[in-house]
Structure formats: C-alpha cells, structure tokens
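For the single chain, residues carry numbers from 1 onward in sequence order.
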Amino acid sequence: MPDNGWPADRIDTEHAHSARIYDYIMGGKDYYPADKEAGDAMSREWPALPIHMRANRDWMNRAVRWLAEEAGVRQFLDVGTGIPTSPNLHEIAQQVAPESRVVYVDNDPIVLTLSQGLLSSTAEGRTSYIEADFREPATILDAPELRETLDLSRPVALTVIAIVHFMLDADDAVGVVRRLLEPLPSGSYLAMSIGTAEFAPQEVGRVAREYAARDMPMRLRTIDEAHEFFDGLELVEPGIVQVHKWHPDGTGEQNIRDEDIAMYGAVARKP
C-alpha cells in the first residue's frame, strides 16, 4: 500500500474500514493490511463477494447513465461516495452531458484526501466535495458547497449507493433519505442500492458476521423493507430488482447467478 500522505491522526490503520475493504476487493490500492485481511476472510466465507461488488458498481454506472441520458438529469448529490474508482459518477454523467454538476459526500478522511479524483470536472460542469456523515442530513443540506454547486429549483438525482446496510434501525435510514429528498423539487430522482440476504442467506449472513466482528454491524433488508425507501415516489421500470437485473446493457460480467448478488437496486422519480 502506497504512502499517500494521509493525516495519521485521522486515519485508523489498525482496523478494517468498509470503504477500504471494498477498494481492496475491487482491485484498488488504497487499503491497509487490516482491510486485506478482512476482505480475504469475507471472500472465503462467500466466494461470490467480488462478483456481487462489481455488479453493484456496474449498476451504479448504468443508473447514472440512465439518469443523464433518459431522464435528462444534470445535477447529482452522491451520498456515501467511497474511495474514488474510475469512472466516478461525474465522469459518467459528464460523458453524456458535460454541463452536469455533482456534489460528493462522505465522512471518511481517506476519501477527503483522495477527493482530487472526484473534482476533475469538465469546464462546462462542476464538482464539489462535502465531508459529512450520512446520518446527519442537515449538515449536508446546509453545506455551502451544496448550494454553490446545485440549483435546488431544478431536478437533482440523489444517489445512495451501497451504504444503508451499514445503518441500523436506530439510525433511521428511511427517515434520513426522506430528509435529503425533502428540499429537492418535483422531477428529482432517488437511485439506491440496498443490501439484502434474501438470495443467499447463509453465505451473506457469514459475511455480515465478519463485518460485525470488526465493529461494522450490518442491517440487511427484505424487498418489503427496500420498498419503504421509495414510498411516495414513482419507481422506474423494472422497479426494485437485484442490481444485475436493472437495465442490463451487455457490459460487465455476464451470466450472473441470482444467489451471487446481495443487493437490490432501483431508481424512482419524485412527483
């Protein structure tokens, strides 16, 4: 792992972190030995874990492209961004529409340090970064970077990708998402991927126990619980489905088994 000059007083290198585990499994370079150990242990428990993570990333790419191409969205609020992985959200949106604007939000100091990769906007568009916790929506909505980058009188796509399974019931994930949607105008969208154990309960349950053993407890949701996030919104076809089944385009890994995917994905419009 390279020395990226991360502030030593803010980075916990002794314990695994969900974003760095993801980076390791996805073939990145911004992780520490604890993250590698955790990722290896989880992959032993469920060998499909890398397939699942890549499918979630491919879904994000397709969802953002659909929002830009089909829905005409030009503004994005991405909460729980994670370590930059090309193509990042703004690169996908700006490939379709160079004038697209993106606000990234994360509370991991590593993401802040690496955020230059998130700020390489086209001249026509703009990107910005907010260091904030998803559990504190007021901090996000009151951030000057948000108001300086996005025009809240025009539609915004709120993207919440692979994060709510790290929010327990006490965190009120549904309430947080609704609070973030509240100031967004009609014609805005919500795009979410939501962790589930419904298709491989034993294997995914073992992975969840590995996360919990490292102080990262998970709250995996049923399809009915996933629907709660979209109450009052208009789901885009095909609704809430496993991520590999949402608008497949022939790219990415093919012939994925349902039992290898533990994530629902959906896009919905705010009426």
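A donor-acceptor distance shorter than 3.5 angstrom exists from the side chain of Ser43 to the backbone of Gly39, with no hydrogens or angles considered. When atom types are taken as modelled, the side chain of Lys270 and the backbone of Leu181 share a donor-acceptor pair closer than 3.5 angstrom. A donor-acceptor pair is defined here as one N or O able to donate and one able to accept, closer than 3.5 Å; no such pair exists between the side chain of Glu91 and the backbone of Ser86. Between the side chain of Arg74 and the backbone N or O of Arg101, no donor-acceptor pair lies under 3.5 Å. Between the side chain of Asn107 and the main chain of Glu131, no donor-acceptor pair closer than 3.5 Å is present. Formation of a donor-acceptor pair under 3.5 Å by the Gln242 side chain with backbone atoms of Ile261 is found in this model. Panel note: side chain His247, backbone Glu237; a donor-acceptor pair is recorded below 3.5 Å. Between the Asp249 side chain and the Arg62 main chain, no donor and acceptor come within less than 3.5 Å of each other. A donor-acceptor distance shorter than 3.5 angstrom exists from the side chain of Thr122 to the backbone of Pro98, with no hydrogens or angles considered. Formation of a donor-acceptor pair under 3.5 Å by the Arg57 side chain with backbone atoms of His52 is not found in this model.
The two residues Asp106 and Gly82 make their nearest non-hydrogen contact at OD2-N, 2.7 Å. Closest heavy-atom contact between Thr127 and Ser120: OG1-N, 4.2 Å. The minimum heavy-atom distance between Met263 and Gly195, with the atom names listed, is SD-N, 3.3 Å. Heavy atoms only, all atoms of each residue included: Ala38 and Ala16 are closest at CB-CB, 3.8 Å. Shown here for Ala93 and Ser100, the closest heavy-atom pair between the two residues is O-OG, 3.5 Å. The two residues Trp246 and Gly239 have their closest heavy-atom pair at CD1-O, 3.8 Å.
With 3.5 Å as the limit, one finds no donor-acceptor pair spanning the side chains of His244 and Asp58. Checking Asp224 against Thr222 by side-chain atom types alone, no donor-acceptor pair falls below 3.5 Å. Between Tyr24 and Asp40, the side chains place a donor N or O and an acceptor N or O closer than 3.5 Å (distance only, hydrogens not considered). When only modelled atom types and interatomic distance are considered, Gln94 and Ser121 share a side-chain donor-acceptor pair under 3.5 Å.
With contacts defined as side-chain heavy-atom distances shorter than 4.5 Å, the pair Val79/Thr81 does not qualify. Residues Tyr211 and Ile21 have side chains in contact (heavy-atom distance under 4.5 Å, counting atoms from C-beta outward). Counting only heavy atoms from C-beta outward, the side chains of Phe230 and Leu190 approach each other to under 4.5 Å. Two residues are said to be in side-chain contact when any heavy atoms from C-beta on lie closer than 4.5 Å; Ile194 and Phe229 meet this criterion. Considering only heavy atoms from C-beta on, Val174 comes within 4.5 Å of Arg178 through its side chain. Side chains of Arg65 and Gln95 form a contact here, defined as non-hydrogen atoms less than 4.5 Å apart. For the pair Thr139/Asp133, no side-chain contact is recorded, criterion being any heavy-atom separation below 4.5 Å from C-beta on. You'll find the side chain of Leu150 stays beyond 4.5 Å of the side chain of Phe76, heavy atoms only.
Not counting sequence neighbours, the partners of Asp260 by the side chain to side chain donor-acceptor pair (under 3.5 Å) test are Arg257. Remark: Tyr104 pairs with His90 by the ring-ring contact (aromatic ring centres under 6.0 Å, His included) rule, at least two apart or across chains. Remark: Tyr264 pairs with Phe199 by the ring-ring contact (aromatic ring centres under 6.0 Å, His included) rule, at least two apart or across chains. Contacts of Glu45 classified as side chain to side chain donor-acceptor pair (under 3.5 Å), with partners at least two apart in sequence or in another chain: Arg206.
Among residues at least two apart or in separate chains, salt bridge (charged side-chain N to carboxylate O under 4.0 Å, His left out) pairs with a member in residues 161-177 are Arg135-Asp171, Asp169-Arg219.
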Intermediate values then yes/no, side-chain contact (heavy atoms from CB on, under 4.5 Å), Ile223 and His227: CA-CA 6 Å; Ile223 185 66; His227 270 280; 3.9 Å; yes
Show the numbers, then the answer: is there a side-chain contact (heavy atoms from CB on, under 4.5 Å) between Asp35 and Asp23? CA-CA 9 Å; Asp35 309 303; Asp23 183 73; over 6 Å; no
Please lay out, stage by stage, how Val102 and Tyr129 fare under the test side-chain contact (heavy atoms from CB on, under 4.5 Å). CA-CA 9 Å; Val102 178; Tyr129 180 86; over 6 Å; no
Take Ile83 and Tyr31, measure what side-chain contact (heavy atoms from CB on, under 4.5 Å) needs, and give me the verdict at the end. CA-CA 10 Å; Ile83 292 172; Tyr31 58 89; over 6 Å; no
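Considering CD1 of Ile25 and CD1 of Ile51, their distance stands at 12.0 Å, rounded to 0.5 Å. The distance from the OG atom of Ser188 to the CG atom of Leu67 is 10.5 Å, given to the nearest 0.5 Å. The CD atom of Glu259 sits 8.5 Å away from atom CD of Glu203, with the distance rounded to the nearest 0.5 Å. To the nearest 0.5 Å, atoms OG1 (Thr149) and CZ (Arg126) are separated by 4.0 Å. For the atom pair NE2 of His17 and CG of Asp30, the computed distance is 12.5 Å after rounding to the nearest 0.5 Å. In this structure, the separation between CD on Glu210 and CE on Met216 is 10.0 Å, given to the nearest 0.5 Å.
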Using distance only, find each side-chain donor-acceptor pair of residues 154-167 under 3.5 Å and give its atom names and separation, not counting sequence neighbours.
residue	atom	partner	partner atom	Å
Thr159	OG1	Leu77	O	3.4
Thr159	OG1	Asp78	OD1	2.6

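Grouping the Ile, Leu, Val, Met, Phe, Trp and Tyr side chains by contacts below 4.5 angstrom, directly or via other members, places Val105 with Phe134. Taking hydrophobic clusters as Ile, Leu, Val, Met, Phe, Trp and Tyr residues chained together by side-chain heavy-atom distances below 4.5 Å, Ile92 shares a cluster with Leu119. Hydrophobic clustering (side-chain heavy atoms under 4.5 Å, transitive across Ile, Leu, Val, Met, Phe, Trp, Tyr) groups Ile256 together with Met60. Val267 and Met192 are assigned to two separate hydrophobic clusters, defined by single-linkage of ILVMFWY side chains at heavy-atom distances under 4.5 Å. Under a hydrophobic clustering in which Ile, Leu, Val, Met, Phe, Trp and Tyr are joined whenever their side-chain heavy atoms come within less than 4.5 Å, directly or via other members, Leu184 and Leu89 fall into different clusters.
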